[in-house]
Amino acid sequence: MLPKAYDPKLVEEKLAKLWQDKQVFKSKIDAAKKPYVIVIPPPNITGALHIGHGLNNTLQDVLIRYHRMKGESANWVPGLDHGGIATQNVVEKALAKEQKLTRHDLGREQFVQHVWQWYKECGNTIYNQFEKMGWALDQSNIRFTMDEKRAASVYESFKRLWDKKYIYRGKRLINWCVRCSTALSDAEVEHEQRAGSLWHLRYKGEDGGEGIVIATTRPETIFADVAVAVNPKDERYQNLLGKKVIIPLTNRAIPVIADEAVELGFGTGALKITPAHDAVDYEVGKRHNLEALSVINDKGKMINTPQKYLGMDRDLAKKEVVKDLEESGLLVKTEKYVNAVSTCYRCNSPIEPFLSEQWFVKMDNLAANALKAIEDNRVNFHPERWRTQTTNWLKNIQDWCISRQIWWGHRIPVWYCRHCSQKGLTFIKDKQGNEQLTKVSFEDGAKPIVSQTKPVCPDCGGNDVVQDPDVLDTWFSSALWPFSVFDWPAQTPELKYYYPTSMLVTGYEIIYLWVARMIMMGLEFMDDVPFPDVFLNGIVRDKTGKKMSKSLGNVVDPLDLIKKYGADALRFSLLLQAAPGKDIPYGEDSIVGPRNFCNKIYNAARFIQMNMEGFDKKLDLPKENTELCDKWILSRYNKAIKATAEAIENYNMAAAAETLYHFLWGDFCDWYIELAKPRFNTDGKEHVLAILVQVLYGTLKALHPMMPFITDEIAMSFKKFTSENKEFLIEETYPLTNAAFVDEAALKDMALLQGIITEIRTIRAQFNVPPSLKIKTLLATKDAWEAEVINKHQNYITAMAKVAALTLATEIEKPRQAATAVYGNTTIYIPLEGLIDFDKEKARLNKELATVNNGIANRQKMLGNENFIKNAPAEQIAKAKEELKQMELKAEQIKTSISGLD
RNA sequence: GCCCAGUUGGCGCAGUUGGUAGCGCGUUCCCUUGACAUGGGAAAGGUCACAGGUUCAAGUCCUGUACUGGGCACCA
């Protein structure tokens with residue numbers, strides 16, 4: 001005998017292994033089949049996967065398994081991302097904690113080796129999670145953004161962009177993260193409101209006059225000021241234009257200039273211009289041909305300042321400068337102020353606008369092509385609203401800063417001859433005593449040689465060349481992912497067959513970082529969009545709607561949940577909440593219902609098998625069905641399957657999951673199995689078993705993309721009763737719906753019986769009639785159809801409502817001491833001698849009468865409105881008339897019942 | 001400042017083309033009936049944020065307001 005409760009642990013472990021061993025997830029090129037391809041958003045190797053990955057990949061898995069069962073050649077391409085800065089940060093942290101070492105202690109080469117080691121461990125953790133989640137990823141064929149073939153893709157794309165002059169090196173004010181010590185692209189910068197101060201500082205006139213008062217949030221940068229700007233229309237300062245003022249705490253004089261960028265109403269109307277440390281100021285500086293002075297270096301330390309502040313951290317310097325300003329009497333006022341701070345998306349520390357030479361990709365042409373593709377509907381977004389978000393971003397795009405001053409990543413494939421580029425190269429000795437190229441300046445004469453491997457200098461023929469120290473933005477390799485996974489630039493059969501992919505499933509938070517760039521690169525290198533559809537999923541938040549984060553301590557670990565509830569339950573809990581485009585508030589209580597659902601399925605299957613002892617032959621679906629509930633369940637089944645498939649194709653996984661949940665639990669278990677029980681003792685046993693088996697099996701198939709483990713496990717034990725010859729459900733065909741099985745009359749008849757049964761149960765509950773007590777019930781109806789249906793299926797009512805004796809007639813005089821209910825045109829009397837409480841019954845009936853009267857008044861009002869008669873569609877009018885008739889009848893019956901109580 | 005989304009029973013959410021509302025959890029009551037107490041049966045609970053408008057009819061369409069969340073923007 002099987003255990004009473006379903007235990008997912010053994011089943012899931014067994015199947016996960018079996019699926020991999022038998023390579024059921026392997027995709028084969030098959031010219032006869034339509035390819036269905038999804039490339040996984042490769043998780044960063046920064047640690048174990050979180051619940052957000054759980055959602056994103058489960059959605060993909062549903063689509064992959066569904067399309068595979070639809071007969072397509074489904075290929076879900078697995079892979080991992082090296083995750084540049086994020087990974088380097090994680091590894092550095094671990095290194096510091098475990099060995100008290102910095103990356104500089106190891107040196108570049110050793111550090112990179114160390115990260116490769118980390119990749120092996122972390123990668124295995126992630127692969128293990130892929131398996132535990134039941135994702136149909138072919139583990140034998142995993143890509144990594146840093147492996148050899150992907151490196152070839154990166155080089156090729158760099159080279160082509162370079163040859164087209166799309167890649168260039170330029171000196172710009174870029175986003176610099178002091179903590180990560182690297183440049184970032186605009187897309188990697190986040191903005192948040194932070195409380196700070198606005199300091200009003202007096203810059204005295206060079207002539208000894210009062211000068212001007214400026215307002216700033218960054219007093220530590222005054223030493224880099226090169227001007228004070230005012231709006232040209234500002235009448236207050238006309239007399240100062242062209243004059244010079246002295247920077248406080250120094251004796252350097254700077255001019256007062258006029259520029260439109262200065263807003264009249266803000267602060268004092270005077271703005272200090274610091275081109276090297278502020279983006280607006282940089283533009284103003286360019287317009288006025290001003291020098292850009294730097295006073296903060298790449299480590300966030302002060303440089304080029306008065307002696308006192310040299311080497312200070314920027315935050316300390318701010319405090320010190322404010323203090324000194326106060327003492328000097330030049331601090332006029334300190335205002336509380338909330339300003340927008342740019343922060344690093346990886347470490348959340350404030351971004352420093354920093355003037356430096358970096359590598360960029362020219363974006364105008366790339367973006368224009370992507371924009372056109374999206375506007376031409378060659379790429380579609382689900383939900384649709386992300387389309388305009390993306391096109392707006394593309395329209396306002398800035399060139400992409402692709403160089404990162406970190407060690408982990410694809411090294412920029414550019415080399416310099418130490419001889420010919422001498423002046424542009426800066427070397428320092430690292431801790432190991434090796435000379436390392438740290439800075440490259442094209443302005444100072446460095447000459448690039450683009451090459452994947454160490455080249456010979458084309459100018460002098462020498463081979464004393466060094467590679468650019470920077471690595472590429474991790475998103476650069478990600479942007480190539482939809483074709484690099486098929487080994488582009490090699491023209492592989494896979495590339496031909498699987499590109500463009502069918503669908504991208506990802507979170508909306510990386511549309512700009514990733515999705516838009518894949519579209520650009522796909523168009524550029526493959527001359528086609530990488531995918532026609534983008535399915536954006538929401539963020540999994542905690543139960544109160546907050547973003548999950550380690551520091552808040554509100555993260556839920558998928559592995560914990562799997563251990564406790566099983567992977568199927570975890571998957572289903574996410575899918576049930578995955579309404580299109582919605583964030584998901586997730587707590588442990590989300591998974592309890594799905595876990596119970598697994599148990600319900602398991603027990604339904606167990607029950608059916610208990611009644612199949614002795615059977616070992618195929619039980620095909622009966623062609624002829626005369627029994628109402630058989631016709632009914634087949635109708636419900638076909639409708640449910642159809643609705644599920646439609647929901648999946650509309651990316652509404654919540655609707656798909658809910659449909660099957662209610663069909664299986666409600667229709668199948670609560671009604672059909674219950675009605676089947678008495679039939680096990682009759683000649684109809686084989687017939688009903690066949691329907692039970694076939695409907696259950698079909699539902700398992702439909703459910704398989706969402707809950708792969710339990711469905712496969714149960715299906716295996718039913719296989720011998722079916723004509724299926726495949727070992728696993730994923731290899732079988734998604735259940736076909738057959739409209740011929742949808743019998744509207746059966747649905748209508750069954751609804752009547754269910755309604756009457758529910759009314760009887762309600763009365764039983766109301767008067768606390770114990771289930772063990774079978775009661776007498778009288779039904780009266782003048783409706784010929786109702787009478788016929790009831791008469792024919794009295795056994796449904798007696799079984800489901802625990803009725804002992806059922807009397808049916810066109811008219812029945814209300815028995816004494818009976819409770820009454822009305823369903824349709826049928827009046828239900830239940831004699832409850834000694835059990836009935838007249839006041840309670842009267843109150844109940846009055847309440848019901850009120851509801852019906854309300855409905856009557858409503859319909860009368862509608863039908864009395866001549867505009868309604870004139871404008872409403874005929875079917876609506878007929879519906880209202882019919883409802884009115886029914887309700888009036890019902891009201892009469894209830895009134896009769898009430899008067900009978902007196 | 002601009003743009004987008006949301007505001008539906010205690011909580012979390014659905015609601016397709018307009019025909020007066022559903023689900024899960026929770027709550028209350030009854031039930032260990034021979035698949036399942038991770039269960040069965042039943043009940044209570046909502047003027048669909050607010051104000052206008054269109055319409056015979058609005059949770060559903062339009063306008064405005066408020067609040068919440070998100071994105072974008074050079075406000076020092």
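As the structure is a prediction and not an experimental result, all values here were calculated from the model. Note on naming: letters A, B, ... go to the chains in the order of the sequence lines (proteins, then strands), and numbering restarts at 1 for each one.
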What nucleotide among [options] has an atom nearest to a side-chain atom of [X]?
| X | options | answer |
| --- | --- | --- |
| A/K847 | B/rG41, B/rA44, B/rC36 | B/rA44 |
| A/K600 | B/rG40, B/rA43, B/rG12 | B/rG40 |
| A/K543 | B/rA14, B/rA35, B/rG12 | B/rG12 |
| A/E674 | B/rC36, B/rG12, B/rA14 | B/rC36 |
| A/Q577 | B/rG39, B/rG12, B/rA35 | B/rG12 |
| A/C669 | B/rC4, B/rA35, B/rA43 | B/rA35 |
| A/D670 | B/rA35, B/rG40, B/rG19 | B/rG40 |
| A/T758 | B/rG40, B/rA37, B/rA42 | B/rA42 |

Measure the acute angle between the ring planes of A/W665 and A/Y661, then classify it against the limits of 30° and 60° as parallel, tilted or perpendicular.
-> tilted
Could you give the distance separating B/rU63 and B/rC3 at their P atoms, to the nearest angstrom?
-> 13 Å
Answer with base, sugar-phosphate or nothing: what part of the nucleic acid does A/W665 contact at a heavy-atom distance below 4.0 Å?
-> sugar-phosphate
With heavy atoms under 4.0 Å as the rule, sort A/N865 into base, sugar-phosphate or nothing.
-> sugar-phosphate
Roughly how many Å is it from [atom1] in [X] to [atom2] in [N], rounded to a whole number?
| X | N | atom1 | atom2 | value |
| --- | --- | --- | --- | --- |
| A/W671 | B/rG40 | CH2 | C1' | 12 Å |
| A/F607 | B/rA35 | CZ | C1' | 6 Å |
| A/R844 | B/rA43 | CZ | P | 10 Å |
| A/Q754 | B/rA42 | CD | C1' | 16 Å |

Only one of A/T274, A/I273, A/D281 passes side-chain contact (heavy atoms from CB on, under 4.5 Å) with A/V226; say which it is.
-> A/I273
Would one find a side-chain N or O of A/K582 under 4.0 angstrom from OP1 or OP2 of B/rG12?
-> no
Would you say a side-chain N or O of A/R385 is under 4.0 Å from OP1 or OP2 of B/rA5?
-> no
Side chain of A/N231, backbone of A/E263: donor and acceptor closer than 3.5 Å?
-> no
Give a yes or no on whether a salt bridge exists between [X] and [Y], defined as a side-chain N under 4.0 angstrom from a carboxylate O.
| X | Y | answer |
| --- | --- | --- |
| A/E883 | A/K881 | no |
| A/K563 | A/E12 | no |
| A/E588 | A/K564 | yes |
| A/E841 | A/R844 | yes |

List for me each residue that meets ring-ring contact (aromatic ring centres under 6.0 Å, His included) alongside [X], sequence neighbours excluded, and say none if there are none.
| X | value |
| --- | --- |
| A/Y508 | A/W386 |
| A/Y796 | A/H793 |
| A/Y602 | A/Y6 |
| A/W393 | A/Y512 |

Reading nucleotides 66-75 of chain B 5' to 3', which nucleotides get B (base under 4.0 Å from a protein heavy atom), which S (sugar-phosphate only), which -?
-> -----S-SBB
Summary of side-chain hydrogen bond (donor to acceptor under 3.5 Å, both in side chains) pairs that have at least one residue in residues 189-198 of chain A, sequence neighbours excluded | A/E192-A/R194
Could you note down all residue pairs passing side-chain hydrogen bond (donor to acceptor under 3.5 Å, both in side chains) where residues 759-770 of chain A supplies at least one of them, sequence neighbours left out?
-> none
How does RNA chain B read in dot-bracket, base by base from 5' to 3', with Watson-Crick or G-U pairs under 3.5 Å and | used when the partner is on another strand?
-> (((((((..((((.....[..)))).(((((.......))))).....(((((..]....))))))))))))....
Any ring-ring contact (aromatic ring centres under 6.0 Å, His included) pairs touching residues 562-584 of chain A, not counting sequence neighbours?
-> A/F572-A/F597
Give me, pair by pair, the N or O atoms of the protein and of nucleotides 31-33 of chain B that are less than 3.5 Å apart, along with how far apart they are.
none

Residues in side chain to side chain contact (heavy atoms under 4.5 Å, CB included) with A/K9, at least two apart?
-> A/D7, A/E13
Just the table, please: protein N/O against nucleotides 22-29 of chain B N/O, every pair under 3.5 Å.
unit_1, atom_1, unit_2, atom_2, d
B/rC23, O3', A/H662, NE2, 3.2

